[in-house]
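Here is the structure we will look at, set down as structure tokens.
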Amino acid sequence: MGVQGYLPPHNFTVRWRLSALGEYMDYVIRNEKIEDYKIVEELTRKAFWNIYVPGCKEHYLVHVMRKHKDFIPELDYVIEKDKKIIGNIMYTKAKLVSGNGREKLISTFGPVSILPEYQRRGFGKRLIEHSFMKAKELKCEAIVIFGNPSNYVNLGFKSSSRFDISLEDEIYPSAMLAKELIEGSLKGERWIYKDSDVYKIDEKKAEEFDLEFEKMEKKIQGSQEEFYILSNSRIIRNSI
């Protein structure tokens with residue numbers, strides 16, 4: 001991927017009509033700036049708090065990701081509504097390794113965050129679609145992520161098993177999804193997916209980092225069980 005040089009920040013301003021209300025809403029998508037860092041960490045914390053586990057660690061991941069060698073700053077975007085940052089998406093480098101050892105550089109994104117009060121209104125979809133366009137400009141051929149399929153199949157993602165992409169030992173997680181940005185780029189090989197080690201979070205440091213933020217109550221809720229079930233589900237290859 002051509003992601004070594006830093007591109008100058010640019011804005012992307014759009015209006016769209018909410019079909020149910022018949023009204024227009026403006027938003028701006030632009031690269032994250034240094035002065036946005038704390039705002040983005042706070043909104044990420046609010047977006048993920050108690051969703052997958054009591055509390056969350058995604059805001060710490062955002063914090064450490066920016067300095068990691070695999071971080072792709074050109075694909076670090078925020079979305080603004082009424083001059084307020086309401087969402088963010090970040091990408092890192094990843095790779096696929098074929099059976100004969102050939103490596104293909106790809107990318108992955110996450111966290112992708114939208115403030116709770118702006119969720120289910122189309123902002124996340126537009127932020128992600130904008131990042132696809134820019135990733136393709138950077139010659140990225142494909143994206144592999146882990147996520148709830150119901151959130152991503154309408155964005156063109158398919159089970160990674162459709163492209164014969166697995167983890168080690170031919171494990172096909174139900175939550176591992178893939179999307180070709182260049183059609184046919186994943187065909188003809190059996191691949192093993194390897195993401196960045198930035199996702200191996202130091203739990204103790206994450207807890208210490210969280211103390212810098214406003215106290216929020218940790219709770220057990222149903223979405224955590226849903227996450228447990230999905231993250232431990234596998235696709236049986238011979239059923240595909």
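Only this structure's heavy atoms are used, side chains among them; waters, hydrogens and symmetry mates stay out.
- For Glu183, the CD atom sits in a loose shell: 12 or fewer heavy atoms of surrounding residues, nucleotides or ligands are nearer than 6.0 Å.
- Residues Leu186 and Lys104 are in side-chain contact: their nearest non-hydrogen atoms beyond the backbone lie under 4.5 Å apart.
- Going from atom CD1 of Ile235 over to atom OH of Tyr172 covers 10.0 Å, rounded to the nearest 0.5 Å.
- To the nearest 0.5 Å, atoms CG (Asn50) and CE (Met216) are separated by 7.0 Å.
- For the pair Leu230/Asn148, a side-chain contact is recorded, criterion being any heavy-atom separation below 4.5 Å from C-beta on.
- The heavy-atom pair separating Ile201 from Ala206 by the smallest distance is CG2-CB, 4.0 Å.
- Phe163 is listed as a side-chain neighbour of Lys158, based on a closest heavy-atom distance under 4.5 Å.
- Under a hydrophobic-cluster definition in which Ile, Leu, Val, Met, Phe, Trp and Tyr are linked whenever side-chain heavy atoms come within less than 4.5 Å, directly or via other members, Ile72 and Ile29 are assigned to the same cluster.
- In this structure, Asn151 and Lys125 have side chains that are not in contact, with every pair of non-hydrogen atoms separated by 4.5 Å or more.
- Side-chain contact between Leu75 and Leu138 is present, with at least one heavy-atom pair separated by less than 4.5 Å.
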Under 3.5 Å, side-chain donor or acceptor atoms of residues 54-65 against the rest of the protein: list the pairs with distances, not counting sequence neighbours.
from: Lys57; atom 1: NZ; to: Glu203; atom 2: OE1; distance (Å): 3.1
from: His59; atom 1: NE2; to: Asp210; atom 2: OD1; distance (Å): 2.8
from: His63; atom 1: ND1; to: Glu41; atom 2: OE2; distance (Å): 3.1

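- Within the 4.5 Å cutoff, no side-chain heavy atoms of Glu189 are placed close to those of Asp164.
- The local environment of OH in Tyr37 is crowded, with over 12 non-hydrogen atoms from other residues, nucleotides or ligands closer than 6.0 Å.
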Could you give me the CA-CA distance, side-chain angles and deciding distance for Gln221 and Ile51, then say whether side chain to side chain contact (heavy atoms under 4.5 Å, CB included) is met?
CA-CA 8 Å; Gln221 57 188 43; Ile51 298 298; 3.9 Å; yes
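- For Lys134 and Glu137, the salt-bridge test passes: some basic side-chain N is under 4.0 Å from an acidic carboxylate O.
- Taking CD of Glu226 as the reference point, atom OG of Ser231 lies at 10.5 Å (rounded to 0.5 Å).
- Using modelled atom types, no side-chain atom of Glu32 and backbone atom of Val78 make a donor-acceptor pair closer than 3.5 Å.
- Relative to the ring axis of Tyr77, Arg30 does not place its NZ or CZ within 45° and under 6.0 Å from the centre.
- In this model, no donor atom of one side chain and acceptor atom of the other lie less than 3.5 Å apart for Tyr199 and Thr108.
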Test side chain to side chain contact (heavy atoms under 4.5 Å, CB included) on Leu96 and Ile165 and set out the steps.
CA-CA 8 Å; Leu96 300 174; Ile165 301 171; 3.8 Å; yes
Carefully, step by step, assess Leu181 and Ile143 under the rule side chain to side chain contact (heavy atoms under 4.5 Å, CB included).
CA-CA 7 Å; Leu181 295 180; Ile143 300 170; 3.9 Å; yes
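- The cluster map of Ile, Leu, Val, Met, Phe, Trp and Tyr, joined by side-chain heavy atoms under 4.5 Å apart, puts Leu105 and Val97 in different clusters.
- A salt bridge links Glu207 with Lys218: at least one charged nitrogen is closer than 4.0 Å to a carboxylate oxygen.
- Rounded to the nearest 0.5 Å, atoms CD1 (Ile229) and OG (Ser174) are 11.5 Å apart.
- In terms of modelled atom types and a separation under 3.5 Å, the side chain of Lys179 and the main chain of Leu155 share a donor-acceptor contact.
- Here the side chains of Ser113 and Phe48 are in contact, with some heavy-atom distance below 4.5 Å.
- Across Ile89 and Tyr91, no two heavy atoms sit closer than the pair CD1-CE1, 3.8 Å.
- Side chains of Asp70 and Ser196: a donor on one and an acceptor on the other come within 3.5 Å.
- Residues meeting the side-chain hydrogen bond (donor to acceptor under 3.5 Å, both in side chains) test with Ser160, sequence neighbours left out: none.
- At a threshold of 4.0 Å, the pair Lys38-Glu42 does not count as salt-bridged, since none of the basic side-chain nitrogens sits closer than that to a carboxylate oxygen.
- Neither Val198 nor Tyr52 shares a network with the other; the hydrophobic side chains, linked directly or stepwise wherever heavy atoms of I, L, V, M, F, W or Y lie under 4.5 Å apart, form separate groups for each.
- Looking at Glu168 and Lys194, a side-chain N of the basic residue comes within less than 4.0 Å of a carboxylate O on the acidic one, giving a salt bridge.
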Do Tyr193 and Ile106 pass the side chain to side chain contact (heavy atoms under 4.5 Å, CB included) test, and can you show the C-alpha distance, the side-chain angles, and the key distance before you say yes or no?
CA-CA 10 Å; Tyr193 174 66; Ile106 60 167; 3.9 Å; yes
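- Rounded to the nearest 0.5 Å, atoms OG (Ser98) and CZ (Arg190) are 11.5 Å apart.
- The closest side-chain donor-acceptor pair between Asn88 and Asp36, if any, does not fall under 3.5 angstrom.
- Ala94 and Asp195 get closest at one heavy-atom pair: CB-CA, 4.2 Å.
- In the hydrophobic cluster analysis, where Ile, Leu, Val, Met, Phe, Trp and Tyr join through side-chain heavy atoms closer than 4.5 angstrom, Met176 is grouped apart from Phe227.
- Under a 3.5 Å cut-off, the side chain of Asn100 and the backbone N or O of Arg102 do form a donor-acceptor pair.
- Using a 4.5 Å cut-off on side-chain heavy atoms (C-beta onward), Lys81 and Asp26 make no contact.
- The two residues Trp49 and Glu217 make their nearest non-hydrogen contact at NE1-O, 2.8 Å.
- With values rounded to the nearest 0.5 angstrom, Ile128 atom CD1 is found 11.5 Å from Arg126 atom CZ.
- Salt-bridge check for Lys84 with Glu117: passed, with a basic side-chain N closer than 4.0 Å to an acidic carboxylate O.
- The environment of Ile220 atom CD1 is sparse: at most 12 non-hydrogen atoms of other residues, nucleotides or ligands sit within 6.0 angstrom.
- In this structure, Trp191 contributes its side chain and Glu103 its backbone to no donor-acceptor pair below 3.5 Å.
- A salt bridge does not link Arg45 with Glu214: none of the charged nitrogens is closer than 4.0 Å to a carboxylate oxygen.
- A single hydrophobic cluster is seen to contain both Phe132 and Leu177, as judged by linkage of ILVMFWY side chains at heavy-atom distances under 4.5 Å, directly or through other members.
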